[in-house]
Each structure stands twice: as C-alpha cells, then as structure tokens.
Amino acid sequence: MSKILIRGARILGGEPQDVLIDGETVAEVGTGIDADGATVIEAEGQILLPGLVDLHTHLREPGREDSETVLTGTKAAAVGGFTAVHAMANTFPVADTAGVVEQVWRLGKESGYCDVQPVGAVTVGLEGKKLAELGAMHDSAAGVKVFSDDGKCVDDAVIMRRALEYVKAFDGVVAQHAQEPRLTEGAQMNEGIVSAELGLGGWPAVAEESIIARDVLLAAHVGSRVHICHLSTAGSVEIVRWAKSKGWNVTAEVTPHHLLLTDELVRTYNPVYKVNPPLRTEADVLALREALADGTIDCVATDHAPHPHEDKDCEWAAAAMGMVGLETALSVVQQTMVDTGLIDWAGVADRMSFRPAAIGRLDGHGRPVSAGEPANLTLVDPAYRGAVDPAGFASRSRNTPYEGRELPGRVTHTFLRGRATVVDGKLA
C-alpha cells in the first residue's frame, strides 16, 4: 500500500495535525510531516475520528437479500464512516450455529468495505425455548462474543439466566431486546396521548423497563455482562443508571432515531416511522440525550434495519418495523449531541468507536489515533449541510425517516487498515 498523508485534520476535534498512514497502520502523528511519496489529503477544518463501530446492524444475508446483503450493507457502513459492524442473528436461516456465523463472517471478509463481526442467536431459531450453540459459535472462526435474539426478547427468565451464565465463561455478552411480549401484543406505536388520539395499539414504556429491570438483576446475580439494545425510554435510563451505581456489568445503546424523532410523527401514518422499539415522546428523547452525554448510555448503535419497498409502502398496520441508519447516524449524532453542546467530538469517538468496540471485545477497532495503531479512520466535514436523498444510498433499501431533511456533517473519507473505502464522500 502507498503512503497517505492526512494534512491539517483536527483529531477528535483538537488542534490541527498531520497523520501519516503507511500500509495498514498509522506511522506518525504531528505537524509538518514529510509528504515525500505520499498521497496527500488536505483536511483543513475536518475532524479525524477512529473508525466508527456499530454494535447493532441488520445485514439480512443469508435469506433476505432483497433487503440487504453483506456487500451492500458494508458499503453503506463505509459511507457512514464505519469500519466495523456487528451483524444481528435474525437471518434465514438464523445465525444460531457455528456454520451460519462463519458464513456471515466469510462474506464480510470477501466484501472488503468494513469488518463484519457476527452476533450469535441466544436461542435456537430465536424461539426463546432452548439455548443455541453459544460455545460452538464462540469457538468458530467467527469468534462470536455478542449474542442476541434481537427482533425478539429472551422473555423466559430461566433461559436468560442460563445464557448469562454460559457466556461468562468466555467473557461474552448477552444483548437483550427488551420487550415484554404479553404487554405489546398488537402494539403499533408508543402508548400515550398520540396512540390514544389515533386509535393505534399502544406499546407501553413498562414493557421495555420491566425486562431491563429483571435482566440487570440477573446479570448482577450471575456476575455476567448484559447489554441493553436500543434503549428508548426515560424510565429505562433510570434503571440502567441505578444498575451502574451498584457497580453491575451493564451497558446500553441508543439509536440515532431515538435521539431525534418522536411519536408525533406517527400522525402522518407514514410507515417509515414505524420502528421497534417505537418512537417515544419528546421527554424521552431529551432524557436519552442527557444519558448519552453523561455516560449512562454507553454508545450509539444504528439498528440499521433495511426493508424492501413493498414492506414499507403499504398501510401502517401491515408495514414492517425498522429504519435504515448506517449512512445518516453520524450526522444525526452531530445534530442532536455535538451541535447542541452536549458532547464534543472526543465524546463522539468515545460513544461511536471506543465504547462499542470495547463492549463487543473487537480487536483492532476503537483505538486511539496515534502511531503504531491500525489505520481504521474516519474523516468528517462538520460544516457540510445537505438534504438526505435516499436515491443515492449505498444500502439496497431506502426506508429512511430523514428523506428531504437537512442534516449536518458528511463523511469525506473512510480508511480500513490504511485502505480508502470512501474518498471524497464516494465509495472507493
């Protein structure tokens, strides 16, 4: 690989510096670095971050390649500044065996646009009745460390306890989709004033909060690690805050859309706003932002959930739940967290790279931008402003809630181990 010199970038939002990439690693960081023989990228005014890491991505392959593939999903990830994603297990067949997670892992190796770390299912077929092959998936070539039935809740307390006990043996983590199924039967949106006025089945906050409360207690009892997927309510924040105050090994994520959008948008009956967990109230949104800022919520995860046109372009009740998010995540975080002064760019690096990589025990990612480290890097122009146009997405699906909305910031370059996957905002 040739040398690349990034000149004048603000590392984590600090003072302008030069960064020399030589091969797969960062060779030098400083000012006035010799550019002899290097490709020079003039990055004045731009922010240099470690490559972003997503703990929660649906790549749909195998089985739903009409929605997304590992190739198209990793292209979308690269455009969004991600150098690693965790691929959720709700594929067809379900990623509940060593064979399936190795297939996804190998597809990731072949795609080349970012690293793909498969997430293994907690239970066979996501049915919540019998533990999947957790040890075999961990011992496979994929080296699975995160397990989740995401899309469904592990609602059986005994099964959840056994999963927590099992993964403790190899420092794994169970990532829980917190949704009490009996409390959400027929639910279409957040339970509250808007659902009552629209006559849509309500999804109460307690359906999420009750599972989180149970699981943090189980994790403490077992002495294991639990991670809360897509936390969405103010009450959930308080439970996680309490669990952390006790010193328990609990982590949590929030999605970009739960940091920005509210259930008021459901008044449009546009199924693009139908998501699991549902969009909540303005009070919940503000609580989530504060919790991300103070570290109660550890990280941002996209919950990138692509769907084909026909699954969203229909009446609300029949529409699939989910939104694409890889290509807009950083912009939403800039708007809701950086531009509001809640966190700085070092905070973005922490919540979107360092912490998710640590939670997923992902080697080579979430590392400092310093000499000797892997050159997994993202260069961002924070001054950019532009309307979201899904027609230009790298993702195979277009179900974004931000179409036509102006968002700040643009990823100009992404580097995966020194190789440019995105150049001037376009796939390399």
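Sequential numbering from 1 along the given sequence is applied to the chain's residues. Predicted, not measured: the structure shown is a model, and the values here were computed from it. Note that these values count all heavy atoms, side chains included, but never hydrogens, waters or copies made by symmetry.
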task = Start with the C-alpha gap between E102 and R106, add the side-chain angles, then the distance that decides, and say whether salt bridge (Lys or Arg N to Asp or Glu O under 4.0 Å) holds.
result = CA-CA 6 Å; E102 285 190 355; R106 289 196 170 92; 3.3 Å; yes

message = Pair Y269, L200 - check side chain to side chain contact (heavy atoms under 4.5 Å, CB included), show working.
response = CA-CA 10 Å; Y269 287 103; L200 291 174; 4.2 Å; yes

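- When every heavy atom of P306 is checked against every heavy atom of V324, the shortest pair comes out as CA-CG1, 3.6 Å.
- For N399, there are no side-chain hydrogen bond (donor to acceptor under 3.5 Å, both in side chains) partners at least two apart in sequence or on another chain.
- Pairs passing the ring-ring contact (aromatic ring centres under 6.0 Å, His included) check and including a residue from residues 34-65, sequence neighbours excluded, read H56-H58, H56-H230.
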request  = Run the numbers on H257 and D303 for side-chain hydrogen bond (donor to acceptor under 3.5 Å, both in side chains), then give the verdict.
outcome  = CA-CA 9 Å; H257 48 270; D303 194 9; 5.0 Å; no

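- Under the salt bridge (Lys or Arg N to Asp or Glu O under 4.0 Å) criterion, E238 pairs with R241, not counting sequence neighbours.
- Applying the side-chain hydrogen bond (donor to acceptor under 3.5 Å, both in side chains) rule to N249 yields no partners; only residues at least two apart in sequence or on another chain are considered.
- Heavy atoms of other residues, nucleotides or ligands lying less than 6.0 angstrom from CD1 of I193 number 12 at most.
- W345 contributes atom CH2, which lies 11.5 Å from atom CG of L48 (distance to the nearest 0.5 angstrom).
- The structure places CG of N90 at 6.0 Å from CG of D150, a figure rounded to the nearest 0.5 Å.
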Derivation and outcome, salt bridge (Lys or Arg N to Asp or Glu O under 4.0 Å), residues D294 and K244 = CA-CA 12 Å; D294 70 24; K244 288 191 169 191; over 6 Å; no

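- Ionic pairing of E264 and R267 is present here: one or more N-O contacts between side-chain nitrogen and carboxylate oxygen are shorter than 4.0 angstrom.
- Scored by the ring pair (Phe, Tyr, Trp, His ring centres under 6.0 Å) test, W316 finds no partners at all (sequence neighbours excluded).
- With S397 contributing its side chain and S67 its backbone, the two residues share a donor-acceptor pair below 3.5 Å.
- Checking each of D263, T281, T233 against N190 for a side chain to side chain donor-acceptor pair (under 3.5 Å) leaves exactly one that passes, namely D263.
- When every heavy atom of I41 is checked against every heavy atom of F415, the shortest pair comes out as CD1-CZ, 3.5 Å.
- Among pairs with a residue in residues 383-410, none fulfils ring-ring contact (aromatic ring centres under 6.0 Å, His included), at least two apart in sequence or across chains.
- Side-chain polar atoms of T414 and T378 form no donor-acceptor pair below 3.5 angstrom.
- Interatomic distance, N376 CG to H365 NE2, rounded to the nearest 0.5 Å: 4.5 Å.
- With rounding to the nearest 0.5 Å, the separation of CG in L126 from CG in D149 is 4.5 Å.
- Under the salt bridge (Lys or Arg N to Asp or Glu O under 4.0 Å) criterion, D313 pairs with no residue at all, not counting sequence neighbours.
- Between A38 and L20, the shortest heavy-atom contact is CB-CD1, 4.3 Å.
- Taking the side-chain hydrogen bond (donor to acceptor under 3.5 Å, both in side chains) definition, one finds that E65 meets it with nothing, sequence neighbours left out.
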ask   = So D18 and L5, side chain to side chain contact (heavy atoms under 4.5 Å, CB included) or not? Walk me through it.
value = CA-CA 7 Å; D18 302 338; L5 179 64; 4.0 Å; yes

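- One side chain, T184 or Q179, offers a donor N or O that lies under 3.5 Å from an acceptor on the other.
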Give every donor-acceptor pair under 3.5 Å between a side-chain atom in residues 132-144 and any protein atom, sequence neighbours left out.
from, atom 1, to, atom 2, distance (Å)
S140, OG, M137, O, 2.7
S140, OG, A142, N, 3.2

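- Classified by interplanar angle (parallel below 30°, tilted 30° to 60°, perpendicular above 60°), the ring pair F170/Y166 is perpendicular.
- Contact check on R64 versus D311 returns a salt bridge, with a Lys/Arg side-chain nitrogen under 4.0 Å from an Asp/Glu carboxylate oxygen.
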inquiry  = Please determine whether side-chain hydrogen bond (donor to acceptor under 3.5 Å, both in side chains) holds for the pair H86 and T57, giving the CA-CA distance in whole Å, both sets of side-chain angles, and the decisive distance to 0.1 Å.
reply    = CA-CA 6 Å; H86 291 72; T57 303; over 6 Å; no

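- E68 pairs with exactly one of R60, H307, H304 by the side chain to side chain donor-acceptor pair (under 3.5 Å) rule, that one being H304.
- The ring-ring contact (aromatic ring centres under 6.0 Å, His included) contacts involving residues 14-47 comprise nothing, where partners must be two or more places apart or lie in separate chains.
- In terms of the side-chain hydrogen bond (donor to acceptor under 3.5 Å, both in side chains) criterion, S353 has no residue partners (sequence neighbours excluded).
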inquiry  = For S395 and T72: C-alpha separation, side-chain torsions, deciding distance, then whether side-chain hydrogen bond (donor to acceptor under 3.5 Å, both in side chains) applies.
reply    = CA-CA 5 Å; S395 171; T72 60; 5.8 Å; no

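- Considering only heavy atoms from C-beta on, V79 comes within 4.5 Å of L427 through its side chain.
- The 12-atom threshold is exceeded at CD of E310, counting heavy atoms of other residues, nucleotides or ligands nearer than 6.0 Å.
- Every residue two or more places apart in sequence or in another chain was checked for a salt bridge (Lys or Arg N to Asp or Glu O under 4.0 Å) with R10, and none qualifies.
- Nearest heavy atoms, T340 versus Q335: CG2-O, 3.5 Å.
- Closest approach of V146 and A175 over heavy atoms only: CG1-CB, 4.1 Å.
- Residue D54 holds its CG atom at 13.0 Å from CD of Q117, rounded to the nearest 0.5 Å.
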query = Is there a side-chain hydrogen bond (donor to acceptor under 3.5 Å, both in side chains) between T31 and Q17 once you walk through the steps?
reply = CA-CA 5 Å; T31 55; Q17 288 187 289; over 6 Å; no

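- A donor-acceptor contact closer than 3.5 angstrom is absent between the side chains of Q46 and D381.
- When all heavy atoms of V26 and P374 are compared, the closest pair comes out as CG2-O, 4.3 Å.
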task = Any chance you could lay out the salt bridge (Lys or Arg N to Asp or Glu O under 4.0 Å) test for D424 and R410, step after step, and finish with the verdict?
result = CA-CA 10 Å; D424 292 329; R410 182 178 74 117; 6.0 Å; no

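- With respect to D115 and R417, a salt bridge is recorded, a charged nitrogen being found less than 4.0 Å from a carboxylate O.
- A donor-acceptor contact closer than 3.5 angstrom is absent between the side chains of D284 and H258.
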task = Applying salt bridge (Lys or Arg N to Asp or Glu O under 4.0 Å), run through K145 and D171 and close with a yes or a no.
result = CA-CA 7 Å; K145 301 178 183 69; D171 191 32; over 6 Å; no

